[in-house]
Amino acid sequence: MAQKLYKPLLIDSITAKAYLPKQRFVGFDGNICAAGAKALGICDVETDANQQAPVAVSGILLIETASAITQGYKICSDSNGKAVQVAGAEEVNGYALDTASNAGDIIRILRV
């Protein structure tokens, strides 16, 4: 299987308030992003609590999905910081560049 393109344009850091898994949305408070909330970005590496977490803020980024996702759809966070399709009034955290067939797939999203 070919590797997916990962092209961050801006990476910032935040103090992790809890363990942050790689490729999950991170909130502005240093925790995993809440469901439907605006995310600071996507955690770049697994980070333990009270450590500095590198967070990809914009670019073409990789994220783990919580369910099937259709290419081109708006993406938001679920309660575990995984990507799901926007279904209503959730905050948009990116746009799917790939289709995901299952939960746990890694897809590219565009964050601007």
Side-chain angles (χ1 to χ4, degrees):
M1 183 165 111
Q3 293 292 321
K4 296 194 182 274
L5 176 68
Y6 171 68
K7 193 172 185 179
L9 298 177
L10 177 62
I11 295 181
D12 201 356
S13 62
I14 192 167
T15 302
K17 301 298 182 192
Y19 168 76
L20 298 176
K22 178 181 177 179
Q23 298 172 334
R24 303 276 182 96
F25 284 119
V26 176
F28 288 88
D29 60 358
N31 287 301
I32 291 175
C33 189
K38 188 68 174 173
L40 170 63
I42 298 172
C43 193
D44 208 38
V45 298
E46 292 182 17
T47 307
D48 291 329
N50 302 313
Q51 300 297 311
Q52 288 296 302
V55 178
V57 177
S58 66
I60 297 172
L61 309 175
L62 300 175
I63 190 152
E64 185 177 349
T65 62
S67 60
I69 291 178
T70 303
Q71 182 180 33
Y73 275 65
K74 296 175 183 173
I75 301 300
C76 63
S77 178
D78 77 350
S79 61
N80 294 311
K82 295 181 180 182
V84 293
Q85 289 183 182
V86 170
E90 301 93 348
E91 292 284 347
V92 175
N93 286 317
Y95 298 87
L97 297 177
D98 300 312
T99 296
S101 301
N102 304 297
D105 286 353
I106 304 298
I107 64 167
R108 298 172 304 148
I109 66 166
L110 175 63
R111 274 187 59 93
V112 291

>> Would you say Ile106 ends up clustered with Phe25 if hydrophobic residues are merged whenever their side chains have heavy atoms under 4.5 Å apart, either directly or through other cluster members?
In response: yes

For the residue pair Gln51 / Thr15, report whether a side-chain donor-acceptor contact shorter than 3.5 Å exists. no

Close side-chain approach of Pro54 and Val45, heavy atoms under 4.5 Å
yes

Tell me whether Tyr6 shares a hydrophobic cluster with Ile107, the cluster being built from Ile, Leu, Val, Met, Phe, Trp, Tyr side chains joined at under 4.5 Å. yes

Residues Leu61 and Val57: closest non-hydrogen pair is CD1-C, 4.4 Å

Checklist entry - Does a side-chain heavy-atom distance below 4.5 Å link Cys43 with Lys22? => result no

Between the CG atom in Asn31 and the CG atom in Leu40, the distance rounded to the nearest 0.5 Å is 12.0 Å

Are Ile75 and Val84 grouped together when hydrophobic residues (ILVMFWY) are joined by side-chain heavy atoms under 4.5 angstrom apart?
-> no

To the nearest 0.5 Å, atom NZ of Lys38 lies from atom SG of Cys76 at 11.0 Å

- Do Val26 and Ile42 sit in the same hydrophobic cluster, where Ile, Leu, Val, Met, Phe, Trp and Tyr count as joined when their side-chain heavy atoms come under 4.5 Å apart? no

- prompt: If we only count heavy atoms from C-beta on, is the Lys74 to Gln85 side-chain gap below 4.5 Å?
  reply: no

| message | Would you say that Ile63 contacts Lys82 through its side chain, given a criterion of any heavy-atom pair below 4.5 Å between the two side chains? | response | no

When every non-hydrogen atom of Ala96 is compared with those of Ile109, the smallest separation belongs to CA-CG2, 4.2 Å

One should read off an interatomic distance between Thr99 OG1 and Ile69 CD1, to the nearest 0.5 angstrom, of 9.5 Å

Using a 4.5 Å side-chain heavy-atom cut-off and chaining through intermediate ILVMFWY residues, the residues clustered with Leu110 come out as Leu5, Ile60, Leu97, Val112

Shortest non-hydrogen pair, Asp78 vs Ala66, comes out as OD2-CB, 3.1 Å

How far apart are the C-alpha atoms of Lys4 and Leu62, what are their side-chain angles, what is the distance that settles it, and do they pass the side chain to side chain contact (heavy atoms under 4.5 Å, CB included) test?
CA-CA 8 Å; Lys4 296 194 182 274; Leu62 300 175; 3.8 Å; yes

Under 4.5 Å between side-chain heavy atoms, counting indirect links through other Ile/Leu/Val/Met/Phe/Trp/Tyr residues: same cluster for Phe28 and Ile14 or not? yes

Heavy-atom nearest pair, Ile11 first then Ala56, reads CG1-CA, 4.1 Å

Q. Is the backbone N or O of Ala37 less than 3.5 Å from a side-chain atom of Asn93, with the two atoms forming a donor-acceptor pair by type?
A. yes

CG of Asp98 to CD of Gln71, rounded to nearest 0.5 Å, is 6.5 Å

key: Donor-acceptor contact present, side-chain Ser77 to main-chain Gly36, <3.5 Å   = no

